[in-house]
Amino acid sequence: MIVAGSRSQALAAAVADELGVALAPVEYDSFPDGELLAATPGFDAERAIIVSATTDTAAIVELLQLQDAVSEAGADSVLTVLPYMGYARQDRPIAPGETAATTPSGYPVSARAVARAVSVATDRVVLVDPHEPDHTALFDASATTVSAAPRLADPVPDGLAEPVFLAPDEGATDLAGTVRDAYGRGTVDAFEKVRLSGDAVDLRPSAVDVSDRDVVLVDDIIATGSTMATAVEFLQDDGAMGVYVACVHAVLARNALTKLYRAGVDTIVATDTVERSVSAVSAAPPIATEIRETFL
Ligand code: R5P
């Protein structure tokens, strides 16, 4: 049976549909003192597939409860799909406002701490487009990755003018290349990015001339939106024609969407690894393929 975390109910249903596997009943509740309770009353299967984006801290507790609940209900193997893994960007000791030059002592590698907790009651973990490919190594359980990035090309309009698929930093260049390959044509390039604080970045423009061309900005995550908004502003100044923004994980914290629209973006597209209004494509097909080939 497929068990949906509260943040991934549509995606879990889509995965269940792709696989022809039943969706388990779930309840999300809390006690008067604020403690959470996620349960799957009536779960009745030997294999449990939990699909749960850990977009926030409460979602992590909920996932741990669902893992325990299916074991209590007699599941003998558990697969955990993390469509989006919260805390993954804290993959080194880091303090708010820290620059790359300083590494404080006494700070956690939070990504590893979360990965270890998630590993305790699962046999396997599947990550969708993790922030770094080697994040599988953070888990004590066996972990693999799938990519939903090629699907981001689907909602991009046909007939873009000399399109440039541009990553806001070098780390996202491969992702931009993946979307370009799925689209079928275009140039790939990247900005140089320096993060100034949690919600401010400095970008050095890419070498590609974008004037009178359509640009598709591609990144793995949009969190505060500062990276993308800064890139969009550069592209507007440089005479780009249309500016489209594509990301796998639309975290969209606080006023991120408003920042992007105010910067002049034409369209924002994302997958449903984080379920948002801009989730135009689903990560369900690659997740279902991985489950079918390795777990069922
Ligand atoms: C950073 O390495 C990531 O790829 C994203 O560029 C970053 O997480 C985006 O953050 P924000 O939207 O807060 O600028």
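Start at 1 and go down the list; that is how both ligands and their atoms are numbered.
Every atom of ligand 1 with a heavy atom of H131 under 4.0 Å away is listed here by number and element: 1 (C), 2 (O), 3 (C), 4 (O). For ligand 1, the atoms lying closer than 4.0 Å to a non-hydrogen atom of K193 are 1 (C), 5 (C), 6 (O), 7 (C).
In terms of protein heavy-atom proximity, atom 14 (O) of ligand 1 is nearest to T227 OG1, 2.5 Å. Nearest protein heavy-atom contact of atom 4 (O) of ligand 1 is D220 OD1, 2.6 Å. For atom 10 (O) of ligand 1, the nearest non-hydrogen atom of the protein is R195 NH2, 3.1 Å. Residue, atom and distance of the protein heavy atom nearest to atom 13 (O) of ligand 1 are T224 OG1, 2.6 Å.
Salt-bridge formation is not detected for the pair R92/E132: no Lys NZ or Arg NE/NH1/NH2 atom is positioned less than 4.0 Å from an Asp or Glu carboxylate oxygen.
For the pair R124 and F295, the cation-pi test (distance below 6.0 Å, angle within 45°) is failed.
Put simply, no part of G171 is less than 4.0 Å from ligand 1, judged by heavy atoms.
Looking only at distances, no side-chain donor or acceptor of D220 sits under 3.5 Å from a matching main-chain atom of P130.
Some N or O of A223 is nearer than 3.5 Å to an N or O of ligand 1, by distance alone. At under 3.5 Å, not a single nitrogen or oxygen of I222, backbone or side chain, sits near a nitrogen or oxygen of ligand 1.
Closest of all the heavy-atom pairs between F165 and R180 is CD1-CG, 3.4 Å.
Within a 6.0 Å radius of CG in D44, no more than 12 heavy atoms belonging to other residues, nucleotides or ligands are found. R292 CZ: more than 12 foreign heavy atoms inside a 6.0 Å radius.
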